[in-house]
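Reviewing the structure listed below.
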Amino acid sequence: MTDEKLSEEEFWDARYGESERIWSGKPNAVLVDEISGLEPGSALDLGCGEGGDAIWLARQGWRVTAVDISRVALDRATRHAAEAGVADRIDWQRHDLGASFPEGSFDLVSACFLHSPGDMPREKILRAAAAAVAPGGILLIAGHAGFPSKEQHDRHPDVHFPTAQEVLESLGFPDGQWEVQRSEEHERTRTGPDGQSITHVDNVLRVRRLDDRAEPGA
Ligand SMILES: C[S@@+](CC[C@H](N)C(=O)[O-])C[C@H]1O[C@@H](n2cnc3c(N)ncnc32)[C@H](O)[C@@H]1O
């Protein structure tokens with residue numbers, strides 16, 4: 001933990017309590033790029049924060065279950081969804097995903113930037129995420145491939161961000177049951193609070209659970 005006195009829940013509640021909005025409110029570009037145009041169905045958004053991704057998915061017609069450890073974030077996300085007119089399409093659930101996981105299976109399971117400075121068992125959560133994908137459904141995992149600046153890296157030299165390939169291997173998929181649709185790193189540039197340009201390197205893994213109920217040749 002960054003502060004030994006805080007649990008992970010307390011850390012994130014405090015982080016979200018610092019200001020009225022800590023993320024942009026927009027969906028992650030990687031989600032928009034990867035999911036636009038798919039037939040909407042049921043979606044699970046893990047570590048949904050203030051709800052930017054969940055609200056975008058709901059606007060595209062998805063029925064969304066959105067999960068976060070922070071009640072502060074979920075309350076804020078609930079308000080934003082009401083303002084966006086999609087409150088009835090999103091089921092907000094509070095879970096510490098290392099300890100409990102939403103029930104059901106989903107046509108899309110998305111974990112975008114599910115990172116935490118705490119002891120969050122990310123690999124375990126991502127394996128549970130894969131198990132929650134319905135036959136024919138998509139698992140999308142986007143994450144940081146490193147710190148955005150050398151200074152931060154120097155302060156945390158022991159932190160390892162897995163590559164997309166390492167994330168894929170950690171999922172332990174049996175042969176022949178999943179199709180890898182994307183596994184790559186890419187650069188993203190954003191404007192920081194002082195107008196400076198900040199470059200991030202992200203990785204994205206998109207896999208599809210094969211549907212063994214499908215007709216041969218379908
Ligand atoms: C880096 S933020 C990303 C938020 C959002 N997905 C986005 O891309 O803007 C990570 C999110 O994961 C949540 N989180 C951290 N640990 C968690 C846990 N154990 N269970 C559920 N959510 C968790 C945090 O509260 C936070 O909202």
Side-chain angles (χ1 to χ4, degrees), residues 1-3 6-35 43-59 62 64-81 84 90-103 106 108-132 139-148 152 156 159 161-162 167 186 188 190-193 198 200-206:
M1 303 282 329
T2 47
D3 182 333
L6 295 184
S7 68
E8 196 177 27
E9 178 182 5
E10 289 167 337
F11 169 83
W12 281 103
D13 277 346
R15 176 80 179 91
Y16 282 107
E18 284 168 11
S19 63
E20 260 311 294
R21 195 190 265 288
I22 66 170
W23 311 117
S24 68
K26 295 181 191 154
N28 280 297
V30 64
L31 179 79
V32 176
D33 290 348
E34 297 295 332
I35 303 307
L44 174 62
D45 180 16
L46 299 173
C48 63
E50 292 164 330
D53 285 359
I55 291 168
W56 180 82
L57 285 165
R59 281 182 155 145
W62 294 79
V64 186
T65 300
V67 176
D68 206 278
I69 196 171
S70 168
R71 177 55 64 196
V72 177
L74 289 170
D75 287 349
R76 190 172 295 168
T78 304
R79 277 203 314 278
H80 293 163
I90 308 178
D91 175 18
W92 304 100
Q93 294 188 16
R94 194 205 151 270
H95 289 267
D96 173 350
L97 288 164
S100 65
F101 203 87
E103 288 186 4
F106 302 85
L108 168 67
V109 179
S110 171
C112 284
F113 304 102
L114 182 62
H115 294 289
S116 179
D119 297 327
M120 183 184 74
R122 189 167 186 263
E123 283 188 12
K124 174 185 167 187
I125 294 169
L126 295 180
R127 283 195 296 273
L139 173 64
L140 177 69
I141 300 171
H144 299 301
F147 287 113
Q152 278 179 294
H156 306 279
V159 174
F161 292 96
V167 173
H186 59 100
R188 168 172 60 93
R190 69 176 174 90
T191 305
I198 302 174
H200 295 255
V201 183
D202 297 333
N203 55 47
V204 54
L205 178 67
R206 172 180 155 154

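Please read all numbers here as calculations on a predicted model, not as lab measurements. Each ligand, and each atom within it, is numbered from 1 in the order the structure gives.
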For C112 and N28, the nearest pair of non-hydrogen atoms, with its separation, is CB-ND2, 3.6 Å

**Prompt:** Heavy-atom distance under 4.5 Å between the side chains of I90 and L57, does that happen here?
**Reply:** no

The atoms of ligand 1 lying under 4.0 Å from a heavy atom of L114, numbered in the order shown, are 12 (O)

Q) Do P117 and W12 have side chains that get closer than 4.5 Å, going by heavy atoms? A) yes

Closest to atom 11 (C) of ligand 1 (heavy atoms only, candidates G47, A111, A66) is G47

### Query
Hey, is V67 one of the residues with a heavy atom under 4.0 angstrom from ligand 1?
no

#### Entry: ligand 1 to L97 polar contact by distance, N or O atoms, under 3.5 Å
yes

the protein heavy atom lying closest to atom 26 (C) of ligand 1 turns out to be Y16 OH, 3.4 Å

key: Parallel, tilted or perpendicular: rings of F113 and H144 (30°, 60°)   = tilted

Near H95 (heavy-atom distance under 4.0 Å), the atoms of ligand 1 are 20 (N), 21 (C)

- Message: Looking at ligand 1, is there an atom of it that comes within less than 4.0 Å of some heavy atom belonging to C112?
- Response: yes

Looking at ligand 1, does any of its N/O atoms fall within less than 3.5 Å of an N/O of M120? no

Closest to atom 25 (O) of ligand 1 among protein heavy atoms sits D68 OD1, 2.5 Å

Short version for R15: what comes under 4.0 Å of ligand 1, heavy atoms counted, is neither

Fill in: Within-4.5 Å side-chain heavy-atom neighbours: L97 and P102
yes

Of all protein heavy atoms, the one nearest atom 16 (N) of ligand 1 is E8 OE2, 3.1 Å

Q) Would you call W56 and W62 a side-chain contact if the rule is heavy atoms closer than 4.5 Å? A) no

Q. Within the structure, does N28 bring an N/O atom to less than 3.5 angstrom of an N/O atom in ligand 1?
A. yes

I'd like to check whether I125 has a polar contact with ligand 1, where a contact means an N/O of the residue lying under 3.5 Å from an N/O of the ligand. no

For atom 15 (C) of ligand 1, the closest protein heavy atom turns out to be W12 NE1, 3.4 Å

For G49, the ligand 1 atoms with a heavy-atom partner under 4.0 Å come out as 27 (O)

Closest to atom 22 (N) of ligand 1 among protein heavy atoms sits I69 N, 3.1 Å

- Query: Taking everything shown except R188 itself, do over 12 heavy atoms lie less than 6.0 Å from its CZ?
  - Reply: yes

(Q) Evaluate S70 for polar contact with ligand 1, using N/O atom pairs at a separation under 3.5 Å. (A) no

Using a plain distance cutoff, I'd like to know if H115 has any nitrogen or oxygen under 3.5 Å from a nitrogen or oxygen of ligand 1. no

E103 CD: over 12 foreign heavy atoms closer than 6.0 Å:
no

Closest non-hydrogen contact found for C48 with W92 is SG-CZ3, 3.9 Å

| query | With a 4.5 Å heavy-atom cut-off, do R122 and I141 have their side chains touching? | reply | yes

Tightest non-hydrogen contact, residues L139 and A129, listed as CD1-CB, 4.0 Å

The closest protein heavy-atom partner of atom 1 (C) of ligand 1 is F113 O, 3.2 Å

Original post:
Does a side-chain heavy-atom distance below 4.5 Å link H186 with V204?
Top reply: yes

